[in-house]
Colleague: 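Take a look at the following structure, please.
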Amino acid sequence: MNKSSATHAYTLSVSGVDAKMAIIGNESLAPIEVPAEGSEAVRVTLTAMSPREAELVFTARDESGTTILSAKDRFVER
Amino acid sequence: MALTIEINHAKTRAKAAAAGSAQPVVPQAVKGRIRRLKWIILLLTLSIYYVTPFLRWDRGPNAPDQALLLDFVHGRLYFFFAEIWPQDLYLVTGLLVLASTILILTNALAGRLWCGFACPQTVWSDLFLLVERLIEGDRRQRLKNLDAPLDAKRAMQIVAKHSAWLLISLATGGTLIFYFTDAPELLRSFARGDVSANMLGWIVAFAGTTYGLAGFAREQVCTFMCPWPRLQGAIWDPEAFTVNYRDYRGEQRTSAKKAAELRLQGKPAGDCVDCNQCVTVCPIGIDIREGPNFACINCGLCVDACDSVMSKLGRPRGLIDYEGWNNIERGRRAEPPVFRLVRPKTVGLTAACLVLTAAIVLSFMTKTSATLSVQHDRDPLAVRLSDGSVRNASNS
Ligand code: SF4
Ligand code: SF4
């Protein structure tokens with residue numbers, strides 16, 4: 001959710017797990033544009049070849065790199 | 001600590017209620033340093049209230065440029081550089097807790113100082129009283145008016161007073177609306193006569209509240225409606241600088257002439273000449289000589305009234321003064337006053353204010369202009385693919 005009065009583009013990344021991240025409809029993982037005072041939802045998959053349970057952190061950086069947002073999740077095997 | 005003071009609030013309430021039914025409180029005008037300070041604070045607070053909605057603050061494109069705006073439609077609170085979203089409301093809660101703590105600290109230092117000087121009820125009541133005095137005269141004339149027949153002059157006075165009160169009330173109610181929408185734009189709509197029924201309803205409600213509370217309820221609000229005097233029983237502090245009568249200096253009361261004669265004979269005489277000036281100027285209708293009173297708003301007008309009487313009589317000022325009740329008791333025992341600003345209660349409250357301020361500033365500084373949340377798929381939590389890999393999916 002972008003609470004500022006200008007449109008921003010955020011680059012999504014993940015850490016904490018050895019997995020390939022894909023954003024449905026955005027294969028190149030291009031920055032996601034979020035309009036001013038608006039929100040954007042994306043569907044993300046993480047595929048791990050040698051799966052193991054792990055705490056992971058999603059990070060979204062705006063174009064200037066000054067706003068760094070993070071949210072925690074957990075990778076599960078089943 | 002032995003609390004030697006008797007504060008019989010029930011008695012005070014009963015007396016005030018009885019007095020209220022018999023005769024309204026008709027305060028007399030007073031001049032003095034505290035009255036001057038109150039006028040300055042009145043001007044300052046009213047100016048802040050009426051001007052603030054018109055202050056601008058550039059937030060860039062697509063954002064309102066009103067410095068203080070409560071935008072309920074979009075769920076935003078703008079305060080100069082700060083922009084509060086509904087999920088940031090904990091900051092507003094923090095500010096309200098901080099304001100309450102500061103109020104309790106002020107009470108520990110100087111009693112109901114807020115009530116006497118800066119509370120909107122006091123400020124608007126003072127303004128309405130000023131209008132009343134300008135149109136109907138000072139206390140003596142207004143008391144006469146209570147039983148006067150309704151002739152043309154009296155009818156004109158009543159119409160003029162209520163018209164002026166209504167104008168102030170409408171300006172007050174109208175200004176409050178400006179805080180919720182773009183003020184200059186709304187003012188232009190007013191000029192075009194383009195006011196919605198909803199808007200008009202709110203203006204009438206706010207104007208009616210101002211008219212009723214400042215024009216009629218006045219001291220009743222400060223004594224009976226407001227919770228603050230109710231709480232005084234729990235937070236009243238005998239070390240606080242509250243307005244008190246130095247009875248050890250004032251008693252036995254006697255006339256100025258008699259007192260002068262007694263002093264000539266080398267006999268003791270109290271400084272109080274029982275002129276009742278301190279009572280007639282009191283906006284609450286209290287006789288502070290009876291002892292501390294929870295209904296007293298610490299406005300200090302009785303201090304000014306008595307000081308001017310003392311000056312005229314050539315006696316030292318300060319018979320009524322901002323003085324801790326403990327010092328009044330020390331005075332009775334002919335002991336010197338002790339000023340204890342630093343004591344566990346004030347230190348604790350100051351520390352609480354500092355911690356709260358630091359927490360609010362820190363929360364504000366670390367607040368980001370965006371949020372990210374992740375909802376992991378619930379069913380299934382994970383999918384095993386044909387190549388043995390495992391896929392997790394989520395919505396971000
Ligand atoms: S007693 Fe004095 S300080 Fe208290 S409300 Fe009356 S005038 Fe003000
Ligand atoms: S104004 Fe002073 S002198 Fe007059 S009655 Fe009050 S305390 Fe006594």
Side-chain angles (χ1 to χ4, degrees), chain A residues 1-14 16-24 26 29 32 34-64 66-78, chain B residues 56-67 69 71-92 182 363-396:
Chain A
M1 181 188 279
N2 174 13
K3 298 197 279 180
S4 73
S5 55
T7 300
H8 285 293
Y10 298 89
T11 307
L12 197 64
S13 59
V14 69
V17 67
D18 184 15
K20 185 175 177 295
M21 184 178 87
I23 301 173
I24 309 297
N26 179 3
L29 303 183
I32 303 148
V34 186
E37 297 195 1
S39 58
E40 199 61 58
V42 289
R43 187 150 176 79
V44 179
T45 59
L46 292 172
T47 312
M49 288 307 292
S50 13
R52 60 180 175 83
E53 300 256 331
E55 297 289 340
L56 50 92
V57 179
F58 282 96
T59 306
R61 280 188 173 74
D62 72 350
E63 55 280 74
S64 66
T66 48
T67 304
I68 302 172
L69 314 164
S70 60
K72 283 183 184 166
D73 195 11
R74 186 167 176 80
F75 191 88
V76 289
E77 283 179 73
R78 57 196 162 94
Chain B
R56 302 290 101 187
W57 188 267
D58 186 11
R59 297 187 182 89
N62 309 322
D65 65 349
Q66 188 154 314
L69 179 69
D71 186 351
F72 278 125
V73 178
H74 301 102
R76 307 276 186 281
L77 163 59
Y78 298 97
F79 182 77
F80 294 89
F81 55 86
E83 185 179 330
I84 307 290
W85 282 48
Q87 59 268 42
D88 306 325
L89 267 183
Y90 65 93
L91 285 171
V92 179
D182 186 67
S363 307
F364 185 76
M365 305 273 278
T366 51
K367 191 169 80 76
T368 57
S369 60
T371 54
L372 173 69
S373 63
V374 176
Q375 276 99 43
H376 198 116
D377 276 5
R378 292 272 163 243
D379 191 20
L381 282 171
V383 178
R384 187 166 289 276
L385 304 181
S386 56
D387 62 357
S389 62
V390 169
R391 173 172 291 172
N392 281 198
S394 57
N395 290 313
S396 292

Colleague: Could you look at A/S50 and say if it's the side chain, the backbone, both or neither that has a heavy atom under 4.5 Å from chain B?
Modeller: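 The answer is neither part of A/S50.
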
Colleague: Counting C-beta onward and ignoring hydrogens, is there a side-chain heavy-atom pair between B/T371 and A/K3 closer than 4.5 Å?
Modeller: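 Counting from C-beta outward, B/T371 and A/K3 do come under 4.5 Å.
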
Colleague: When only pairs under 4.5 Å are counted, which of A/V17, A/I32, A/T45 shares the most heavy-atom pairs with chain B?
Modeller: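 The option with the most such pairs is A/T45.
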
Colleague: Taking all non-hydrogen atoms of both residues into account, name the closest pair between B/S389 and A/T47 and its distance.
Modeller: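 Result for this residue pair: OG-CG2, 3.6 Å.
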
Colleague: Does any non-hydrogen side-chain atom of B/L381 lie less than 4.5 Å from one of A/E77?
Modeller: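 A/E77 does not reach B/L381 side chain to side chain.
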
Colleague: At their closest point, which heavy atom of A/T67 faces which heavy atom of B/S369, and how far apart are they?
Modeller: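 What the structure gives for the nearest pair is OG1-OG, 4.1 Å.
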
Colleague: Where on A/D73 is there a heavy atom nearer than 4.5 Å to chain B: the side chain, the backbone, both, or neither?
Modeller: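 The answer is the side chain of A/D73.
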
Colleague: Given heavy-atom pairs under 4.5 angstrom as the criterion, report whether the side chain, backbone, both or neither of B/T368 touches chain A.
Modeller: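 Answer is both: backbone and side chain atoms of B/T368 are under 4.5 Å from chain A.
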
Colleague: Taking all non-hydrogen atoms of both residues, which atom of B/Y78 and which atom of A/E37 are closest, and how far apart?
Modeller: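 Answer, listing the atom of B/Y78 first, then A/E37: OH-OE2, 3.6 Å.
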
Colleague: Specify which of B/A63, B/A382, B/G388 makes the most heavy-atom pairs with chain A at under 4.5 Å.
Modeller: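 Winner by heavy-atom pair count: B/A382.
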
Colleague: Which atoms of B/E83 are under 4.5 Å from chain A, going by heavy atoms: the side chain, the backbone, both sets, or neither?
Modeller: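 The answer is the side chain of B/E83.
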
Colleague: What part of B/P380 gets within 4.5 angstrom of chain A, counting heavy atoms only: side chain, backbone, both, or neither?
Modeller: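 Looking at B/P380, nothing touches chain A.
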
Colleague: Which atom pair, heavy atoms only, marks the closest approach of B/S373 to A/A71?
Modeller: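 Closest pair (atom of B/S373, atom of A/A71, distance): CA-CB, 4.2 Å.
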
Colleague: Check each atom of A/E40 against the heavy atoms of chain B and say whether the ones under 4.5 Å are side chain, backbone, both or neither.
Modeller: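 Just its backbone gets close to chain B.
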
Colleague: Taking side chain as C-beta onward, heavy atoms only, is B/N392 less than 4.5 Å from A/R74?
Modeller: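 No, side chains not in contact.
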
Colleague: Within a 6.0 Å radius of atom OH on B/Y90, are there more than 12 heavy atoms belonging to other residues, nucleotides or ligands?
Modeller: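 Yes.
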
Colleague: Can you find a heavy atom in the side chain of A/F75 that is under 4.5 Å from one in the side chain of B/H376?
Modeller: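 With C-beta onward as the side chain, the pair stays apart.
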
Colleague: Locate the shortest heavy-atom distance separating B/A393 from A/R43; write the atom from each residue and the value.
Modeller: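 Smallest heavy-atom distance, with atoms named: CB-NH2, 3.6 Å.
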
Colleague: For side chain to side chain contact (heavy atoms under 4.5 Å, CB included), just list the numbers for B/V390 and A/M49, CA-CA rounded to whole Å, side-chain angles, deciding distance to a tenth of an Å, and then say yes or no.
Modeller: CA-CA 7 Å; B/V390 169; A/M49 288 307 292; over 6 Å; no

Colleague: Of the listed residues (A/N2, A/V42, A/T59), which shares the most heavy-atom pairs with chain B below a 4.5 Å separation?
Modeller: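 Option with the greatest count: A/V42.
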
Colleague: Contact part of A/S39 toward chain B, heavy-atom cut-off under 4.5 Å: side chain, backbone, both or neither?
Modeller: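 The answer is neither part of A/S39.
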
Colleague: How long is the span from the CG atom in B/N395 to the CD1 atom in A/I24, to the nearest 0.5 Å?
Modeller: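 Separation between the atoms: 10.0 Å.
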
Colleague: Please state whether the side chain, the backbone, both or neither of B/R59 comes within less than 4.5 Å of a heavy atom of chain A.
Modeller: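 It is the backbone, since no side chain atom gets that close.
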
Colleague: Should we count CG of A/D18 as having more than 12 external heavy atoms under 6.0 Å?
Modeller: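 Open: at most 12 neighbouring heavy atoms sit under 6.0 Å from CG of A/D18.
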
